[in-house]
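Here is the structure we will look at, set down as structure tokens.
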Amino acid sequence: GARHSDQEAMAKEDAVVADVEGPIPYLELRKQVIETCLQMNRMGINPGTSGNVSARVPGGKGFLVTASGISHEQMRPEQVVYVDLEGGYYGKFLPSSEWRMHYDIYRNIPEALAVVYAHATYGTALASQRRGIPAFHYMVAAVAGGKEIRCANYASCGTQELSYEMLAALGPRKSVLMANHGMICHGPTLEKALWVANETECLARQYVCAMSIGSAPVVLPDEEIDVMLAKFKTYGKKPSELQDLSDFERKHAISAPPRQDVVGLSGTGAGEVPFAEARRKVIETCLKMEAMGINQGTSGNASCRVPGGFVVTASGVPYDKMRPDQVVFMDLEGNFHGEFQPSSEWRMHYDIYKSVPQAEAVVHAHPTYCTALSSHRRHIPGFHHMVAAAGARAIPCAEYATFGTQELSDSLLTALGESSKSALLANHGMICYGPDLDKALWLANVTECLAKQYICALSTGLEPVVLPDAEMDVLLAKIKTYGKRPREMEKLSDFERKHSVKAPRFAGPMLCGCCAPPSS
């Protein structure tokens with residue numbers, strides 16, 4: 001354990017160390033440490049007490065870390081342990097057995113203000129194979145702050161050797177796996193450190209799924225990751241915050257559309273948020289995406305068409321904290337209105353609305369199985385009749401292009417063609433549209449379910465049987481009539497009418513509970 005300081009040292013730190021008969025020092029920060037642990041458990045990235053969390057105290061002379069052997073659900077603020085940067089702990093409770101890794105991160109990385117350590121399932125699985133996570137997805141650059149998430153050499157838990165190996169593998173990055181162990185990461189706040197931990201586990205899960213089909217995914221070249229690192233240096237920042245960039249970073253900075261003053265938006269009174277109901281529906285859709293497991297963090301986005309343009313999620317704002325006024329209105333000339341910048345993927349939404357008149361809502365996400373398939377640059381063929389729900393014989397995979405660029409949007413539109421309503425994006429994720437947000441979200445979920453089924457089929461080592469084009473054409477006709485009444489089918493072709501979904505004969509209005517069906 002950490003060296004317990006003597007009485008003289010303890011006296012010097014009496015603002016920190018008292019065995020808490022009076023006010024508890026750093027009370028709010030201690031509560032935040034506990035809440036981060038509970039969030040970690042709720043998010044499924046840590047079981048029981050095996051993970052731990054810490055935060056540097058104001059002034060930087062030490063840090064608060066979870067106590068050893070106390071469940072996160074039962075931990076009280078006074079049980080979060082203060083450790084100084086000479087390796088001494090204070091109070092009645094022992095710090096986590098992995099205190100050394102937290103201590104060495106704070107000693108060696110001045111910008112680290114919070115640390116999250118966990119035995120997350122997929123990160124641990126990769127660590128047991130002593131594999132890191134290569135740049136199969138552009139988010140590796142955002143999460144790690146480097147070109148890969150490395151795996152540290154093995155050393156026994158709780159030892160100085162493990163801490164040395166962890167630091168060597170971590171280097172200038174923010175996240176690292178540890179052989180036969182788990183993962184650890186740091187950030188400028190507890191919230192950001194937890195985000196890095198969650199995204200690391202998401203990437204690990206996507207990478208394991210990609211590997212499950214028996215071959216390695218396509219890894220992005222170093223030159224592309226350099227571009228990503230430049231982009232993420234500017235992510236979510238306003239122009240006034242981009243003063244100290246290099247020429248290369250300025251060249252590849254995330255490009256926001258032009259901003260217009262909020263004028264001329266109809267249907268709003270004084271102090272009223274324009275398109276408030278549509279904005280609330282966008283937020284609700286994003287929260288549903290997370291609840292359904294098809295997106296995490298702020299990596300996906302949603303939008304819906306409104307008079308004069310569309311409303312889309314803001315850049316870098318977590319969905320559980322997003323307010324209706326932070327959902328951004330964009331006009332169809334490509335300008336955004338208001339204080340908040342639109343999602344970095346605004347171009348794909350904009351170009352779908354400009355090019356596809358029937359698109360009323362768009363959902364973009366990085367779901368596990370769609371992303372895994374896209375990292376192999378594979379489409380989803382017609383192995384199942386539900387593929388037709390996306391409007392074509394297969395769900396295409398758009399060719400790779402850097403996120404947030406016009407090239408990516410152009411590639412997407414080419415892949416969608418004239419009929420597909422859903423597409424994978426190489427080394428990225430998926431995007432789809434529908435006649436409203438509920439239907440677009442439904443299609444996003446269907447696409448992820450199909451990707452999961454297809455990867456499960458491929459993981460057996462055999463290719464599934466793909467339905468012939470003629471059968472897919474029949475299925476497309478059936479899907480076109482699904483749930484429609486006879487009077488809604490007047491504009492169908494002869495082929496579509498022939499293969500429409502057949503309902504039973506209409507026999508009359510709904511019976512009341514006291515009536516028996518008519519006798520034959």
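If you're wondering where the values come from, they're calculated on a predicted model, not measured in any experiment.
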(Q) Can a donor-acceptor pair be found, under 3.5 Å and without considering hydrogens, that links the side chain of Arg107 to the backbone of Leu85? (A) yes
Q: For Leu373 and Leu458, work out which heavy atoms get closest and say how close.
A: CD2-CD1, 4.4 Å
Q) What residues, two or more places apart in sequence or in another chain, satisfy side chain to side chain donor-acceptor pair (under 3.5 Å) together with Arg378? A) Tyr454, Glu463
Q: Scan Trp346, Phe336, Phe329, Tyr353 and name whichever one has a ring pair (Phe, Tyr, Trp, His ring centres under 6.0 Å) with Phe310.
A: Tyr353
(Q) Going by salt bridge (Lys or Arg N to Asp or Glu O under 4.0 Å), name the residues that satisfy it together with Asp436, two or more places apart in sequence or in a different chain. (A) none
Q. Are Thr159 and Arg100 side-chain neighbours, meaning at least one heavy-atom pair lies under 4.5 Å?
A. no
Q) How far does OG of Ser299 sit from NE2 of His364, to the nearest 0.5 angstrom? A) 7.0 Å
Q) Val196 and Ser175: which non-hydrogen atoms are nearest, and at how many Å? A) CG1-CB, 3.9 Å
Q) Taking only residues at least two apart or on different chains, which pairs with a member in residues 154-178 satisfy ring pair (Phe, Tyr, Trp, His ring centres under 6.0 Å)? A) none
Q) Do Arg173 side-chain atoms and Ala144 backbone N/O form a donor-acceptor pair below 3.5 Å? A) no
Q. Can you list the steps and then say if Val311 with Cys304 is a side chain to side chain contact (heavy atoms under 4.5 Å, CB included)?
A. CA-CA 6 Å; Val311 288; Cys304 69; 3.8 Å; yes
Q.
Check whether Arg305 reaches the backbone of Ala359 with its side chain - one donor and one acceptor, N or O, closer than 3.5 Å.
A. yes
Q | Pairwise distance CG(Leu177) to OG(Ser128) - rounded to 0.5 angstrom | A | 10.5 Å
Q. Where the side chain of Gln326 meets the backbone of Arg323, is there a donor-acceptor pair that is under 3.5 Å apart?
A. yes
(Q) Just verifying a value: how many Å separate Ser96 OG and Tyr89 OH, rounded to the nearest 0.5 Å? (A) 13.0 Å
Q: Please determine if Lys231 and Glu224 form a salt bridge, counting it only when a charged side-chain N lies under 4.0 Å from a carboxylate O.
A: no
(Q) Using the side chain to side chain donor-acceptor pair (under 3.5 Å) criterion, which residues pair with Ser54? Sequence neighbours excluded. (A) His102, Tyr106
Q: Would you give the length of the straight line joining atom NE2 of His72 to atom CD of Gln39, rounded to the nearest 0.5 angstrom?
A: 13.0 Å
Q.
Quick check for you: to the nearest 0.5 Å, what is the distance between Met348 atom CE and Leu412 atom CG?
A. 6.5 Å
Q.
Once side chain to side chain donor-acceptor pair (under 3.5 Å) is applied, do any residues pair with Ser97, and if so which ones, sequence neighbours excluded?
A. none
Q: Measure across Phe136 and Ser375 and return the closest heavy-atom pair with its distance rounded to 0.1 Å.
A: CD1-CB, 3.8 Å
Q: Report yes if the side chains of Ser163 and Gln160 come closer than 4.5 Å at any heavy-atom pair, otherwise no.
A: yes
Q.
Are there over 12 heavy-atom neighbours, none belonging to Tyr122, within less than 6.0 Å of that residue's OH?
A. no
Q: Determine, using ring centers only, whether Tyr138 and Tyr400 are less than 6.0 Å apart.
A: no
Q) Under 4.5 Å between any side-chain heavy atoms of Asp226 and Lys147, yes or no? A) yes
Q | Any donor-acceptor N/O pair, Arg56 side chain to Ala112 backbone, under 3.5 Å | A | yes
(Q) Quick one, Lys321 and Glu191 - any side-chain contact, counting heavy atoms below 4.5 Å? (A) yes
Q. Does some side-chain heavy atom of Arg131 sit less than 4.5 Å from a side-chain heavy atom of Met211?
A. yes
**Q.** Note: Asp438-Lys281 ion pair, threshold 4.0 Å (strictly below)
**A.** yes
Q) Looking at side-chain heavy atoms only, is the closest gap between Phe275 and Val327 below 4.5 Å? A) no
Q: Taking all heavy atoms of Ile225 and all of Gly146, pick out the closest pair and write down the distance.
A: CG2-O, 4.0 Å
(Q) Pair Ile455, Ser212 - check side chain to side chain contact (heavy atoms under 4.5 Å, CB included), show working. (A) CA-CA 8 Å; Ile455 282 183; Ser212 73; 3.5 Å; yes
Q) Is a side-chain donor or acceptor of Glu98 paired with a backbone partner of Cys157 at a separation under 3.5 angstrom? A) no
Q: Going by the side-chain hydrogen bond (donor to acceptor under 3.5 Å, both in side chains) test, name the single residue among Arg377, His376, His137 that passes it with Asn427.
A: Arg377
Q. Below 4.0 angstrom, N of the basic side chain to O of the carboxylate: do Glu199 and Lys174 qualify?
A. no
Q: Work out which heavy atom in Pro58 is nearest to a heavy atom in Tyr26; give both atom names and the distance.
A: CD-CE2, 3.8 Å
Q. Could you go step by step and tell me if Met43 and Leu194 meet the side chain to side chain contact (heavy atoms under 4.5 Å, CB included) rule?
A. CA-CA 10 Å; Met43 293 161 79; Leu194 183 61; 3.8 Å; yes
**Q.** Heavy-atom side-chain contact between Pro257 and Met330 under 4.5 Å
**A.** yes
Q.
Please evaluate residues Val116 and Asn46 with respect to the criterion side chain to side chain contact (heavy atoms under 4.5 Å, CB included), reporting the C-alpha separation (whole Å), side-chain torsions for both, the decisive distance (0.1 Å), and the verdict.
A. CA-CA 10 Å; Val116 169; Asn46 194 69; over 6 Å; no
Q | From CG (Leu424) to CD1 (Ile380), nearest 0.5 Å | A | 5.0 Å
Q) Quick one: does Glu448's side chain have a donor or acceptor within less than 3.5 Å of a partner on Cys370's backbone? A) yes
Q) Does Gly123 offer a backbone N or O that forms a donor-acceptor pair with the side chain of Glu201 under 3.5 Å? A) yes
Q. Who passes side chain to side chain donor-acceptor pair (under 3.5 Å) against Thr313, sequence neighbours left out?
A. none
Q) So, the side chain of Ser459 versus the backbone of Cys456: is there a donor-acceptor pair under 3.5 Å, distance only? A) yes
Q | Main-chain N/O of Glu399 paired with Ser411 side-chain donor or acceptor, under 3.5 Å | A | yes
Q) Would you call Val80 and Lys31 a side-chain contact if the rule is heavy atoms closer than 4.5 Å? A) no
(Q) Ignoring hydrogens, what is the shortest heavy-atom contact between Val176 and Ala169? Give both atom names and the distance. (A) CG2-CB, 3.6 Å
